Amino acid sequence: MAATPFQNFWFLTGPTASGKSAVGIELARRIGAEIISLDSIAVYRGMDIGTAKPSVEQRRDVPHHLIDIVEPSEEFSLAQYITAAERVAAEIVGRGREVLFVGGTPLYLKGLLRGIFEGPPADWTLRRRLADDAHSHAEGWLHERLATVDPVSAARLHPNDTRRLIRAIEVFEKTGRPISEWQRQFDVGRSAEECRVFVLDWPKAELYARIERRVEEMFSAGLIEEVRRLLADAERPLSRTARQAVGYREVIEHLEGLHGLAETVELVQRHTRQLAKRQSTWFRSLSECRFVAVCDPFDAAETAVRLSGSFQTQSK
RNA sequence: GGGGGGUUUCCCGAGUGGUCAAAGGGGUCAGACUGUAAAUCUGAUGGCAAUGCCUUCGAAGGUUCGAAUCCUUCACUCCCCA
């Protein structure tokens with residue numbers, strides 16, 4: 001799954017609330033691109049307010065893909081994303097247009113840039129069994145168990161990193177080969193000069209102010225009502241991947257009576273700041289990234305001009 | 001006016017003579033991350049010339065070899081009776 005030359009496409013990313021969507025549309029216009037959303041939650045239909053999806057007008061203006069492609073009751077995964085992105089990107093290229101990825105899910109970005117291994121899909125029954133076994137054994141059982149079949153991965157993973165330990169064991173059981181032998185794609189990245197991966201880079205205080213404001217706007221735009229609607233269909237409960245999204249998780253808890261409204265708003269703001277922090281950690285670690293400094297007053301069109309121009313001059 | 005409780009490191013909150021710079025949680029900072037990733041996991045978190053030293057548990061005194069822990073007074077705060 002690594003062969004697709006995603007490196008030749010355009011990528012616009014950055015932490016949440018950094019203005020990616022607005023800049024993306026301006027940039028797409030300039031370069032004649034269609035946009036592929038790079039967002040693990042915007043794939044869900046009906047999850048609009050909390051994901052700050054581009055508006056209908058914006059989507060009419062520039063074609064957007066991989067938004068609203070699954071039901072909130074369905075699980076979604078990295079591999080599904082990569083597969084869908086490959087397909088859509090090929091279609092866009094077929095139309096003779098540029099491909100511009102816009103969004104802030106760094107794992108998906110890395111998967112696009114470097115490829116992912118052809119592994120087995122999640123087996124939730126097996127995972128559940130392993131988790132149960134781990135509970136009934138002593139601390140560190142999963143880790144020891146992995147060490148016997150895949151010492152390399154065991155050495156890399158912390159004994160408490162249950163999810164990755166389980167996935168590593170799962171891959172071994174399904175394929176008979178250790179996951180550490182499968183996973184080579186992420187080892188080496190290309191340099192920023194060879195790629196067009198732009199990261200909107202804000203001063204922290206300004207970004208945090210944008211986050212606070214945006215979360216308040218989500219609530220006044222009806223986030224709580226949106227969550228009520230999502231929960232209304234008892235036949236099709238929200239999937240594990242859909243319900244863990246920031247904004248949704250906290251509002252669900254609010255509706256369950258766990259915390260009041262004011263506290264909920266604060267929680268969403270705080271968790272969003274923490275998300276932004278983790279996104280930034282990813283960008284710093286990716287050699288492909290090119291940081292584009294932005295600050296208030298923010299001008300999306302001007303930023304788009306600047307980063308497309310910077311590419312022309314920087315790439316010789 | 002009478003009786004009882006509280007004041008702990010950024011926050012909440014354990015700790016009732018030494019093993020306490022002080023549990024745990026939150027926050028913050030940093031890191032990891034390949035089929036749950038807006039998830040999950042890890043480390044650090046009083047100061048410093050730092051295998052030790054200095055400052056800290058409302059304030060000031062006191063007891064003791066030794067106090068966040070005991071005593072006295074003061075300040076603020078909460079509850080009950082009047």
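On a predicted model such as this, the values are computed, not experimentally measured, just so you know.
- A straight line from CD of A:Gln183 to C1' of B:A32 spans 13 Å, rounded to a whole angstrom.
- Note on A:Arg184: every side-chain N or O is 4.0 Å or more away from OP1 and OP2 of B:U34.
- Heavy-atom nearest nucleotides on RNA chain B were determined for A:Leu78 and for A:Thr162, and the one closer to the 5' end corresponds to A:Leu78.
- The gap from the C1' atom of B:A60 to that of B:C79 amounts to 27 Å, rounded to the nearest Å.
- For B:G1, the paired base is B:C81 (Watson-Crick or G-U wobble, both distances below 3.5 Å).
- Dashed line: the shortest gap from a side-chain N or O of A:Arg167 to OP1 or OP2 of B:G35 is under 4.0 Å.
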Using atom names, set out every protein N or O paired with an N or O of nucleotides 24-26 of chain B below 3.5 Å, distance rounded to 0.1 Å.
none

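- Not one side-chain nitrogen or oxygen of A:Thr16 sits closer than 4.0 Å to the OP1 or OP2 atom of B:A38.
- A distance of 15.0 Å separates CZ in A:Phe11 from NZ in A:Lys20, rounded to the nearest 0.5 Å.
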List, one per line, each side-chain donor-acceptor pair under 3.5 Å for residues 177-184 of chain A, sequence neighbours excluded.
residue  : atom : partner  : partner atom : Å
A:Arg177 : NE   : A:Glu181 : OE1          : 3.3
A:Ser180 : OG   : A:Asp150 : OD1          : 2.8
A:Ser180 : OG   : A:Asp150 : OD2          : 3.3
A:Trp182 : NE1  : A:Thr175 : OG1          : 3.1
A:Arg184 : NH2  : A:Ser180 : O            : 3.2

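- Whole-Å rounding puts the A:Lys174 NZ to B:G35 P distance at 15 Å.
- Between the side chain of A:Arg164 and the base of B:A39, at least one donor-acceptor pair of N or O atoms lies under 3.5 Å.
- Spacing between atom NE2 of A:His271 and atom C1' of B:G27 amounts to 10 Å, rounded to whole angstrom units.
- Projected onto RNA chain B by closest heavy-atom contact, A:His158 and A:Gly247 fall at different nucleotides, the more 5' of which corresponds to A:Gly247.
- Within the structure, a side-chain polar atom (N or O) of A:Asn160 is placed less than 4.0 Å from OP1 or OP2 of B:U42.
- Judged by distance alone, with hydrogens and angles left aside, A:Gln185 brings a side-chain donor or acceptor within reach of the base of B:U34, the pair sitting under 3.5 Å.
- Rounded to whole Å, atom C1' of B:G27 lies 14 Å from atom NZ of A:Lys277.
- Distances shown here put a side-chain N or O of A:Thr281 below 4.0 Å from the OP1 or OP2 atom of B:G31.
- Here B:A32 sits opposite B:U40 as a Watson-Crick or G-U wobble pair (both hydrogen-bonding atom distances under 3.5 Å).
- A:Tyr248 and A:Glu226 are linked by a side-chain donor-acceptor pair at a separation below 3.5 angstrom, with hydrogens and angles left out of the test.
- Taking atom CZ on A:Arg127 and atom C1' on B:A39, their separation rounds to 12 Å, with Å as the unit.
- Closest of all the heavy-atom pairs between A:Tyr44 and A:Ser239 is OH-OG, 3.4 Å.
- Within the 4.5 Å cutoff, no side-chain heavy atoms of A:Leu27 are placed close to those of A:Val102.
- In this structure, A:Tyr108 reaches the B:A37 phosphate: one of its side-chain N or O atoms is under 4.0 Å from OP1 or OP2.
- Distance CD (A:Gln279) to P (B:C33): 17 Å, rounded to an integer number of Å.
- To the nearest angstrom, P of B:C33 lies 11 Å from CG of A:Leu107.
- Pair assignment for B:A75 gives B:U7, based on Watson-Crick or G-U wobble hydrogen-bonding distances that are each under 3.5 Å.
- Residue-to-nucleotide contacts include no donor-acceptor pair under 3.5 Å from the side chain of A:Asp161 to the base of B:A32.
- Shortest non-hydrogen contact noted between A:Ala242 and A:Pro72 is CB-O, 3.4 Å.
- Side-chain atoms of A:Glu98 do not come within 3.5 Å of backbone N or O of A:Trp10 as any donor-acceptor pair.
- Taking the six-membered ring for Trp and thresholds of 30 and 60 degrees, A:Tyr81 and A:Phe76 have ring planes more than 60 degrees apart, a perpendicular arrangement.
- B:U45 and B:G27 make up a base pair, with Watson-Crick or G-U wobble contacts both under 3.5 Å.
- Side-chain atoms of A:Thr241 and A:Glu75 form a donor-acceptor pair, as typed in the model, at a separation below 3.5 Å.
- Atom pair A:Arg163:CZ and B:A37:P shows a separation of 9 Å (rounding to whole Å applied).
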